[in-house]
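Everything on this sheet refers to the single structure shown next.
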2 protein chains.
Amino acid sequence: MDKVIKKLSQHNIFNACEESMIGRLCAEGREHTYPKGTILFLSGDEAKNYFLIESGWVKLYRETLDGTQAVVDILPANHIFGETSIFEDGNYPYSAEVVETAIIHSLPLRKLKTEIEKNQTLALNMLNAMARYRRRQDQEIEHRAIQNAPQRIGCFLLRLTDQKPKEGKITIHLPYDKTLVASRLGMQPETFSRALSKLKSATGIEVTGATITMDSLDQLARFSCAACSSEFPCTDLKCST
Amino acid sequence: MDKVIKKLSQHNIFNACEESMIGRLCAEGREHTYPKGTILFLSGDEAKNYFLIESGWVKLYRETLDGTQAVVDILPANHIFGETSIFEDGNYPYSAEVVETAIIHSLPLRKLKTEIEKNQTLALNMLNAMARYRRRQDQEIEHRAIQNAPQRIGCFLLRLTDQKPKEGKITIHLPYDKTLVASRLGMQPETFSRALSKLKSATGIEVTGATITMDSLDQLARFSCAACSSEFPCTDLKCST
DNA sequence: CGAGGGTTTGAAGTGCATCAAATAGTGTGG
DNA sequence: CCACACTATTTGATGCACTTCAAACCCTCG
């Protein structure tokens, strides 16, 4: 299980933590490959483990009795989720589904809790991560309130780029299904499709399947970031946790 | 400044913390009365203080260049805000405006940071508070995604009640302007007005100015909670931090 | 009493959802 | 390598919820 230890120690939360401690955390960990569609847990389930994504994508969502669902987030490799359940009532606050076949490590929450209570560095890292997450959520609420569909897509695309300096043409690949992107952005697939066309004619981007190219990000930023309180290189929005 | 110490020690974040430590936190604190409309700070300002509301109401919001604003939260007495700025870049992530004349204590972030780095209990309390806040924000996103305007109002009313057992008639007072409630719920004042009428005819509540009465909460819960992933006595949603 | 803000009402417009159906794309077995 | 089955995506038509603009109303407070 060296691999997990290495992965974990690269993670923000375990920054500057001793390997021995991380080793203890992983002691009862398991690695599993889950096919697309697997439900890892449901909202309200008793939380025994938290998870590290080795590869693939995982959707976090909440669902009403009649089946309507609200997507909380869609997480890529190297993300951790379910770890906040050590606080509060010990149940998962959302459901998790594998949306691209994934290799996932499960780690026991119990151990994490023990370590956090002893280890100041770990607790502080965790606080930092939570604060960062909180900002992202605030932004999310803002975006859904004041950006329209084409702008939300533009903003999403901007956050997918590596912020690399302007080098000739810029290419972005959608990381997963358009339908999923739509749900991530809180809109219907049909709306996504139409909004992407609008974005195209408004900013001059080129769309070919899941690949999007453009001459520079400026146009896109001008279009999308007009309806946002942050200014363009909105760095804190990048994925993390 | 005994008053502040007392207030603080009742607060979740300082649960089980020594008075002496809280005393150190308050050392450079100040109390101020601010009239309605006062801007306490703007998003992006360097964060030197965090705040405790003694009385009154404070609106946290974010604003785009063209003046459109998204309300993040509206906080009542006994709430703390601005404290998360000790993490990350040290700037406030939102603006704060007094919306009902308020008495507010400002406390230096610097001292809080020092104490958090030393005091495990404090760090853990803070983690708990952050986790709770995170859940609330997740809920907020869900609500805005799947509840319609009348349901959002109903849900808001339910969260205002004291969860007291059914005793004859139930009375709820809106804590501030209808216009503000509307912005808190992410809708226009006009929409709020019309949605409240719909809620009235759908659930049989009585509305007189800012006072709302009904025979029982059941009707309201049945109407609003249908479009929510949590079941009715959704306790975690109650205010806190 | 009159001014001004909060609130309601009306009329019209916009954006997104929904339903329905066509089209493109992908993977399968033959 | 092709035809079929199935899914993802697009397009069209329509409806609804919320917004916007405008104006009336109400209520409070000087």
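Residue numbers start from 1 in every chain, and the chains themselves are labelled A, B, ... in the order their sequence lines are given, proteins ahead of strands.
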Which of these nucleotides, [options], is closest to any side-chain atom of [X]?
X: A:Asp177; options: D:dC21, D:dT9, C:dG6; answer: D:dT9
X: A:Gln188; options: C:dA17, C:dT9, D:dT20; answer: C:dA17
X: B:Arg194; options: C:dT9, D:dT11, C:dC16; answer: C:dT9
X: B:Lys178; options: D:dT9, C:dT9, C:dT8; answer: C:dT8
X: A:Met187; options: C:dA17, C:dG6, D:dT10; answer: C:dA17

Checklist entry - Is it true that the side chains of B:Asp66 and B:Thr68 contain a donor and an acceptor less than 3.5 Å apart? => result yes
Measure [atom1]/[X] against [atom2]/[N] and give the value in whole Å, please.
X: A:Glu100; N: D:dT7; atom1: CD; atom2: P; value: 15 Å
X: B:Lys36; N: D:dT28; atom1: NZ; atom2: P; value: 14 Å
X: B:Glu190; N: C:dT14; atom1: CD; atom2: C1'; value: 15 Å
X: A:Phe192; N: C:dT18; atom1: CZ; atom2: C1'; value: 19 Å
X: B:Leu196; N: D:dC18; atom1: CG; atom2: P; value: 14 Å

Item to check | Option passing side-chain hydrogen bond (donor to acceptor under 3.5 Å, both in side chains) with A:Gln139 (candidates A:Gln137, A:Arg135, A:His143) | outcome: A:His143
Next on the checklist: Under 4.0 Å between a side-chain nitrogen and a carboxylate oxygen: does that hold for B:Glu140 and B:Arg152?
Outcome noted: no
Checklist entry - Taking NZ, NE, NH1 and NH2 as the nitrogens, is one of them in B:Asp215 or B:Lys169 under 4.0 Å from a carboxylate oxygen of the other? => result yes
Next on the checklist: Need one value for B:Thr191: base, sugar-phosphate or nothing, where a base atom within 4.0 Å counts as base even if backbone is also close, heavy atoms only.
Outcome noted: base
Checklist entry - So what does A:Ala149 hit on the nucleic acid, given a heavy-atom distance under 4.0 Å: a base, only sugar-phosphate, or nothing? => result sugar-phosphate
Next on the checklist: Both B:Val207 and A:Lys198 contact DNA chain C. Taking the nearest nucleotide for each, which residue is further toward the 5' end?
Outcome noted: B:Val207
Checklist entry - B:Thr179 side chain N/O closer than 4.0 Å to the phosphate oxygens (OP1, OP2) of C:dT7? => result yes
